[in-house]
Every structure is written in C-alpha cells, then in structure tokens.
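One structure is given here, and the rest of the page talks about it.
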Amino acid sequence: MTKLHIFVFAIYTFCCSFVQAETLVNNEFVVPIEKHFENFTLVKVNPKYTKLDYKALMSAREFIQISLGTTWPADDFTLQENTQSLESDLIAFNNKESFTFHVMNNDKTKVIGCIYITGTVDSEFDATVFSWVAKEHLSTPLFDELKTNVKTWVKNEWPFTNVDYPFNS
C-alpha cells in the first residue's frame, strides 16, 4: 500500500469513527458465527486465522482483482495488512454493518476462502454476497458447492428479500 493510500485510509477510518454506520440487519437478528456444511465450515472472521487466510487470499489474488475490478490485494500486500483487514472486518461484523466469514475445512486447519455479506448501493437489493476460494479450488466442484450452499443459506436463514450475487452467479 502506498503512503497516499495509507493516509487516505487513515483519514477515512478516523472520520468514520465519528459516524454510526448503518447496520445491515436489525438488532433482533441473531447473526450466526458458524455454519457447517458437508465439505466446509463458515466461521466468523477472526484475526487469529491471519496466516491461514493470507495464504489462501494471496493465491486467489488474481481472481479477486478481476472479479471486483480492483488492485486489492496488491502483489506486495503484507501479512500485517491482512491482519488489519481482518480486524476491520471483525469490527464491522460485531457492529452488524457487514459480515465476513472464513470458509474453512471442517477441522478448521485450513482457510479455503471467504464470503462477504455486505450492503449495496443498488436500491433493488438489500445485500450483496461475494465469495472467493484459494486458487487450487477455483475450477473445482467445491467452489460451485460453496456458492450454491451460501445462496441457500442466505435465502433461508438471513433476513434479506433480494440479494445480489454480482460476481458469483
């Protein structure tokens, strides 16, 4: 991250600390912290998984950049920056502003990828969901299984009426 990016991010973070962000779900909704599926488990974002997450993230870097039209994560993205990113995701999760889940193998020794449930700028939708997996899983049935299971889970267990899956159709 360049010094300018860090400076802009620091100002953004400082300003946002004074503004109450809008929650994505109402306070009555109990946000799940874990969801088990046959071949993987979704686990609430946690910086204790930084090293496992970083390995998967950096292998998926090209897929994420192309899907989102972004340069994040940069080629020189560091483990420390990943920790900071996960810490920010955890704060947003706890504040019910957005929800990041690690996609892990069922014994929780490996991060396979992540899913993000976020707000949207398109008034047609009330949430957006994006997922990625480590490069080794991109062209496998596991990624398709993840996308299918997450769509069903969000439809059946989350309080949204119209969810956008713009990058994971």
Side-chain angles (χ1 to χ4, degrees), residues 16 19-50 52-70 72-73 82 85-169:
C16 288
V19 177
Q20 176 65 36
E22 187 174 328
T23 60
L24 190 57
V25 295
N26 65 41
N27 285 332
E28 290 76 37
F29 179 71
V30 178
V31 179
I33 59 170
E34 188 168 304
K35 178 67 175 175
H36 178 76
F37 294 96
E38 183 178 350
N39 294 310
F40 55 87
T41 299
L42 303 179
V43 179
K44 177 182 176 179
V45 66
N46 191 321
K48 78 178 184 180
Y49 298 120
T50 294
L52 297 173
D53 182 83
Y54 182 77
K55 181 178 178 184
L57 174 69
M58 293 310 283
S59 79
R61 181 177 65 247
E62 184 178 338
F63 170 80
I64 296 167
Q65 291 172 343
I66 291 169
S67 295
L68 300 179
T70 182
W72 184 89
N82 193 56
S85 178
L86 295 178
E87 288 169 346
S88 294
D89 289 343
L90 180 58
I91 291 168
F93 192 109
N94 290 338
N95 291 335
K96 294 187 172 187
E97 297 163 2
S98 65
F99 305 97
T100 302
F101 291 88
H102 299 288
V103 180
M104 303 188 80
N105 60 355
N106 285 329
D107 62 2
K108 299 180 190 167
T109 58
K110 181 178 181 181
V111 170
I112 297 168
C114 277
I115 71 157
Y116 306 88
I117 302 172
T118 66
T120 179
V121 294
D122 187 340
S123 61
E124 180 181 343
F125 301 101
D126 48 0
T128 298
V129 175
F130 173 71
S131 57
W132 60 262
V133 293
K135 186 175 184 176
E136 68 187 89
H137 301 291
L138 276 173
S139 297
T140 68
L142 182 66
F143 192 26
D144 291 331
E145 180 183 343
L146 170 67
K147 293 183 285 186
T148 299
N149 286 333
V150 165
K151 282 183 181 181
T152 301
W153 176 58
V154 170
K155 179 181 179 185
N156 294 335
E157 298 182 33
W158 286 77
F160 305 123
T161 55
N162 198 10
V163 178
D164 189 16
Y165 298 88
F167 310 108
N168 292 136
S169 299

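What you are looking at is a predicted structure, and each value in this text was computed from that prediction instead of being measured.
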Would one find more than 12 heavy atoms of other residues, nucleotides or ligands at under 6.0 Å from atom NZ of Lys135?
no
Given the options Val133, Ile112, Val103, Phe143 meets side-chain contact (heavy atoms from CB on, under 4.5 Å) only with Val133
Decide side-chain contact (heavy atoms from CB on, under 4.5 Å) for Phe160 and Leu24; before the verdict, give the C-alpha distance in whole Å, the side-chain angles of both, and the deciding distance to 0.1 Å.
CA-CA 9 Å; Phe160 305 123; Leu24 190 57; 4.0 Å; yes
Under the 3.5 angstrom rule, does the side chain of Asn82 hit a backbone N or O of Thr50 as a donor-acceptor pair?
yes
Please say whether the positively charged group of Lys151, taken as NZ for Lys or CZ for Arg, lies over the ring of Tyr165, i.e. under 6.0 angstrom from the six-membered ring centre and within 45 degrees of the axis.
yes
Do you see a donor-acceptor pair shorter than 3.5 Å between the side chains of Asp144 and Thr148?
no
State, to 0.1 Å, how close Thr128 and Pro166 come at their nearest heavy-atom pair, and which atoms those are.
CG2-CD, 3.7 Å
Measuring from atom OH of Tyr49 to atom NZ of Lys110, what distance do you get when rounded to the nearest 0.5 angstrom?
15.5 Å
Taking the side chain from Glu34 and the backbone from Lys44, do they hold a donor-acceptor pair closer than 3.5 Å?
no
Here the gap from Ser67 atom OG to Trp132 atom CH2, rounded to the nearest 0.5 Å, amounts to 12.0 Å
Taking atom CD1 of Ile33 as the centre, report whether more than 12 heavy atoms of other residues, nucleotides or ligands fall under 6.0 Å from it.
no
How far apart are the C-alpha atoms of Val111 and Tyr54, what are their side-chain angles, what is the distance that settles it, and do they pass the side-chain contact (heavy atoms from CB on, under 4.5 Å) test?
CA-CA 9 Å; Val111 170; Tyr54 182 77; over 6 Å; no
Donor-acceptor pair, Ser59 side chain versus Ala56 backbone, under 3.5 Å?
yes
Please check if the side chain of Asn106 supplies one atom and the backbone of Glu38 the other of a donor-acceptor pair under 3.5 Å.
yes
Contact summary for Val43 and Lys108, nearest pair of heavy atoms:
CG2-CE, 4.1 Å
Tell me whether Thr41 contacts the main-chain N or O of Met104 through its side chain, where contact means a donor paired with an acceptor under 3.5 Å.
no
Decide yes or no on side-chain contact (heavy atoms from CB on, under 4.5 Å) for Phe37 and Thr152, but give the supporting numbers first.
CA-CA 11 Å; Phe37 294 96; Thr152 301; over 6 Å; no
All heavy atoms of Val45 vs all of Leu90, minimum pair found to be O-CD1, 3.4 Å
Main-chain N/O of Glu124 paired to Asn162 side chain as donor or acceptor, under 3.5 Å
yes
Just by distance, do the side chain of His102 and the backbone of Asp53 share a donor-acceptor pair under 3.5 Å?
no
Is the number of heavy atoms from other residues, nucleotides or ligands within 6.0 Å of NZ (Lys55) greater than 12?
no
Heavy atoms from other residues, nucleotides or ligands near CD of Glu157 exceed 12 (cutoff 6.0 Å)
yes
Test side-chain contact (heavy atoms from CB on, under 4.5 Å) on Ile115 and Leu146 and set out the steps.
CA-CA 9 Å; Ile115 71 157; Leu146 170 67; 4.2 Å; yes
When you check the side-chain N and O atoms of Asp122 and Thr120, is any donor under 3.5 Å from an acceptor?
no
The single option from Phe93, Phe29, Trp153 passing ring pair (Phe, Tyr, Trp, His ring centres under 6.0 Å) against Phe99
Phe93
